[in-house]
Amino acid sequence: MTIHAQACAVPSTSSPDGVLRQRGQREVFCGLTGIVWLHRKIQDAFFLVVGSRTCAHLIQSAAGVMIFAEPRFATAIMEERDLAGLVDANDELDRIVAQLLARRPDIKLLFLVGSCPSEVIKLDLSRAALRLSQRFAPGVRVLNYSGSGIETTFTQGEDACLASLVPVLPVADRASGPSLLVVGALADVVEDQFRRIFVSLGIDQVAFLPPRRSSELPAIGLETRVLLAQPFLGDTARALEERGCRRIAAPFPLGGEGTALWLAAAADAFGVSRAHVDRTLAPLQARAERALARYRAQLAGRRVFLFPDSQIEIPLARFLAREIGMELVEVGTPYLHREHLASELKLLPQGVLLSEGQDVERQLDRCRAARPDLVVCGLGLANPLEAEGLTTKWSIELIFTPIQGFEQAGDLAELFARPLLRQTRLAV
Ligand code: SF4
């Protein structure tokens with residue numbers, strides 16, 4: 001569900017690096033939402049939420065029409081007798097899993113996804129996953145992670161899911177030499193484009209996490225270099241580093257410039273010559289810039305306010321400021337991973353107001369006072385702000401739409417131009 005969490009009344013403070021820290025009521029999704037895009041990416045995986053009717057409703061509304069297409073996710077609803085300890089929740093879970101796997105032999109990887117209720121009654125899903133893995137091996141592997149609103153915010157659900165995969169990744173053979181692992185769920189079309197560019201740069205040992213099928217889990221080891229495709233993967237990166245992989249520091253592949261810097265950072269790590277990188281990337285970047293030119297004409301100088309939602313706000317803000325010429329009023333993020341965002345922060349315009357966490361009423365006051373041309377926010381805030389005469393862009397679309405890479409730079413800009421254009425049309 002969307003969380004309206006009233007935390008202790010700690011006032012907003014400015015940290016030494018000038019970032020405004022906010023602690024208060026939040027308007028964000030819980031990590032269960034990640035299932036909506038993850039189940040499409042890993043085609044033989046199933047996500048079984050162990051939760052309440054609220055969790056089932058959340059997934060149903062977030063997935064929309066997809067629920068009619070024999071989806072690969074469901075909720076094992078904990079009834080009152082589970083919560084009251086009248087039945088053994090583990091027995092119930094085993095029964096449901098056995099039924100599910102008998103009915104759906106296409107499932108090769110099953111995620112038990114923890115929720116607020118399963119955490120509150122301390123149902124040990126990691127033990128359940130181990131037990132069920134042994135029972136259904138070798139045909140099905142069972143893993144677990146938490147997508148609860150107590151522990152995770154929106155895209156952190158993907159981080160928790162990918163981190164749960166790291167321990168089962170095979171060990172790479174050292175003799176096979178250095179390899180690149182791109183981490184973060186990308187649309188297949190984007191993944192294919194990146195693979196082609198890596199190969200033309202001379203990096204041909206490249207794999208993606210998550211893979212499209214559980215049988216294609218990438219092997220990792222001391223020779224693996226990790227390139228994050230998304231900024232919200234703190235736990236996954238840590239788990240990979242613990243297995244000896246090394247992270248390549250880079251901005252994220254949003255926009256022509258961001259994508260070029262991201263690819264160039266990988267090329268540098270693999271010793272590809274600067275001249276070859278420039279020769280390969282320059283025409284692609286020039287094409288992205290041409291696609292962006294018309295949106296720049298519409299959007300340059302417009303003032304944008306970003307509410308915290310998915311952690312991609314900072315890379316987005318960098319793209320909007322540098323490639324489209326928008327003016328940043330405030331850039332909110334639910335969590336700021338300073339190390340992973342270091343290359344992005346350097347590229348932001350001087351003096352921009354960054355805020356971490358949320359105290360939604362205060363943030364709304366700042367937004368109303370600033371009267372930005374465009375507000376990027378969640379669905380819960382969008383219509384009320386529209387009713388107040390502000391133009392909004394739903395942030396969730398930025399997660400569900402392929403926006404990474406050179407080819408998608410124009411589409412990304414269009415997502416911001418569209419609401420403003422619509423506003424102009426309605427005003428005529
Ligand atoms: S996991 Fe928690 S926040 Fe998410 S839908 Fe279930 S009860 Fe709500």
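Order of appearance sets the numbers: ligands from 1, and atoms from 1 within every ligand.
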For Phe47 and His39: C-alpha separation, side-chain torsions, deciding distance, then whether ring-ring contact (aromatic ring centres under 6.0 Å, His included) applies. CA-CA 7 Å; Phe47 294 78; His39 90 280; 7.1 Å; no
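- Residues Trp262 and Phe194 place their aromatic rings such that the two centres sit under 6.0 Å apart.
- Ionic pairing of Arg72 and Asp44 is not present here: no N-O contact between side-chain nitrogen and carboxylate oxygen is shorter than 4.0 angstrom.
- At least one heavy atom of Ser148 sits closer than 4.0 Å to an atom of ligand 1.
- A donor and an acceptor atom, one from each side chain of Ser126 and Asn144, are nowhere located under 3.5 Å apart.
- Remark: ligand 1 atoms within the under-4.0 Å shell around heavy atoms of Cys116 are 1 (S), 2 (Fe), 3 (S), 7 (S).
- Atoms of ligand 1 found under 4.0 Å from any heavy atom of Gly149, numbered from 1 in the order shown, are 1 (S), 2 (Fe), 3 (S).
- Listed by atom number, the atoms of ligand 1 under 4.0 Å from Ser115 heavy atoms are 1 (S).
- By the 4.5 Å heavy-atom criterion applied to side chains, Pro178 and Gln205 are not counted as neighbours.
- Heavy atoms from both the backbone and the side chain of Cys55 come within less than 4.0 Å of ligand 1.
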